[in-house]
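First listed ligand is number 1; within each ligand, the first listed atom is number 1.
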Amino acid sequence: MSKIVVLMGAPGAGKGTQARLLQERLGLPQISTGDVLRALKEEQTPLAEEVRPIMRAGGLVPDDVMIKIVRERTGREGSGYILDGFPRTPPQAAMLEELAVEQGKSIQPILVDVPLEILERRMVGRRSCPVCGEIYNIYFRPPKSDNVCDLHPEAQLKHRADDNHETVQARLATFAEQTRPLLDYYQASNRLRRVDGTREPEAIYADIEKIVKGDGGPD
Ligand code: AP5
């Protein structure tokens, strides 16, 4: 049975970094609800108007909007895929259970575990390439030349609008209140696997790859 790999973790834990590695090396498509919403909010539509202030404030976009987006986007994938940023609430988790049954897939939740005190620097220091999406960090993973992508020197790196101190604090609070309870939900059915997200990205990836391939990995 193919898998829906659900990468979980607080904002800035490294879900996007790991999802990109999984996509590149195992060929599993990455579906990032944050990326979908960032593209959507640039449009001139009533939905974009609704989504923009929510993201700016670090809150969650309503479940009905998210469920529609995920149902539509995952419907294009024949085999397994990675969800980065979904589910984030109990109704989203319930919808994913139904979707997995409909699609004949199993759900593999993986928590990238990082303590709160590290997360703010990861987000405030994050920069990404507008061309290829490569993720850098001015503190932990700087590009070779200031503010340009190593692979696309013509492209100035972008700083996300929600990666400022105030919004980061709100996003962390939203995670603690609304998404953290989902970890207990997946733990209760013995599906949740945890990896220590404080190490180098390659060490974290090695654990995640083992879990995805069903070759063991930590706990
Ligand atoms: P989203 O884009 O999903 O943001 P997030 O969950 O806050 O996660 P991030 O993208 O900030 O972090 P990440 O864990 O991917 O870390 P990354 O790999 O980039 O969501 C944005 C907004 O959209 C939400 O606030 C909400 O409003 C809305 N939204 C999205 N999904 C929704 C849903 N389902 N329901 C409702 N609303 C939704 O890494 C971060 C930084 O750390 C980078 O600079 C990276 O280089 C660095 N780094 C990564 N790994 C390491 C490492 N091992 N060591 C050192 N540095 C590292």
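- The protein atom (non-hydrogen) at minimum distance from atom 15 (O) of ligand 1 is G16 N, 2.8 Å.
- Using a distance-only test at 3.5 Å, with no hydrogens or angles considered, no donor-acceptor pair links the side chain of K158 to the main chain of R127.
- Of the candidates N137, I135, L37, T17, the one placing a heavy atom closest to atom 28 (C) of ligand 1 is L37.
- Nearest to atom 40 (C) of ligand 1 by heavy atom, out of Q178, E134, R126, is R126.
- Within a 6.0 Å radius of CZ in R180, no more than 12 heavy atoms belonging to other residues, nucleotides or ligands are found.
- Between G12 and ligand 1 there is a heavy-atom distance shorter than 4.0 Å.
- Without hydrogens or angle criteria, T167 side chain to A57 main chain gives no donor-acceptor distance under 3.5 Å.
- The option with the heavy atom closest to atom 10 (O) of ligand 1, from among R171, R160, M66, is R160.
- Remark: distances from the non-hydrogen atoms of G58 to ligand 1 are all 4.0 Å or more.
- Using modelled atom types, no side-chain atom of Q187 and backbone atom of L183 make a donor-acceptor pair closer than 3.5 Å.
- Listed by chain and residue number, D162 satisfy the side-chain hydrogen bond (donor to acceptor under 3.5 Å, both in side chains) test with R160 (two or more places apart in sequence, or in another chain).
- The protein heavy atom nearest to atom 46 (O) of ligand 1 is Y136 O, 3.4 Å.
- A distance-only check finds no donor-acceptor pair linking the side chain of S145 to the backbone of V148 [under 3.5 Å].
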Tell me which donor-acceptor pairs under 3.5 Å the side chains of residues 108-115 have, and how far apart each pair is, sequence neighbours excluded?
unit_1: Q108; atom_1: NE2; unit_2: R191; atom_2: O; d: 3.0

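- When hydrogens are left out, the protein atom nearest atom 16 (O) of ligand 1 is G14 N, 3.2 Å; that is the closest non-hydrogen contact.
- Cation-pi geometry between R25 and Y205 is met: under 6.0 angstrom from the ring centre, within 45 degrees of the axis.
- In this structure a side-chain-to-backbone donor-acceptor pair under 3.5 Å is present from H159 to V124.
- Counting only distance, with no hydrogens or angles, the side chain of R122 and the backbone of A13 share a donor-acceptor pair below 3.5 Å.
- In terms of protein heavy-atom proximity, atom 31 (N) of ligand 1 is closest to T33 OG1, 2.8 Å.
- The shortest N/O to N/O separation between Q92 and ligand 1 falls below 3.5 Å.
- The side-chain heavy atoms of I69 and L40, taken from C-beta on, include a pair separated by under 4.5 Å.
- For atom 53 (N) of ligand 1, the choice among K15, R199, E202 with the nearest heavy atom turns out to be R199.
- Under 4.0 angstrom from ligand 1, there are no non-hydrogen atoms of F175.
- When the shell of 6.0 Å around CD of Q169 is examined, it contains more than 12 heavy atoms from other residues, nucleotides or ligands.
- Contacts between I204 and ligand 1, counted as non-hydrogen atom pairs separated by less than 4.0 Å, involve the side chain only.
- The nearest heavy-atom contact from the protein to atom 37 (N) of ligand 1 is V61 N, 3.1 Å.
- When only non-hydrogen protein atoms are considered, atom 26 (C) of ligand 1 lies nearest to G59 O, 3.3 Å.
- Of all the atoms in ligand 1, the ones that sit under 4.0 Å from a non-hydrogen atom of F140 are 55 (C), 56 (N).
- Residue contact check for ligand 1: G9 places no non-hydrogen atom closer than 4.0 Å to it.
- Residue G85 places at least one N or O, backbone or side chain, under 3.5 Å from an N or O of ligand 1.
- Among protein heavy atoms, atom 21 (C) of ligand 1 sits closest to R38 NH1, 3.6 Å.
- If you check which protein heavy atom lies closest to atom 23 (O) of ligand 1, you get M55 CE, 3.4 Å.
- Shown here is D146, whose CG atom has no more than 12 heavy atoms of other residues, nucleotides or ligands within 6.0 Å.
- With Q18, R88, R141 as candidates, the residue nearest to atom 5 (P) of ligand 1 on a non-hydrogen basis is R88.
- Around atom 52 (C) of ligand 1, the closest heavy atom drawn from R122, R127, M123 belongs to R122.
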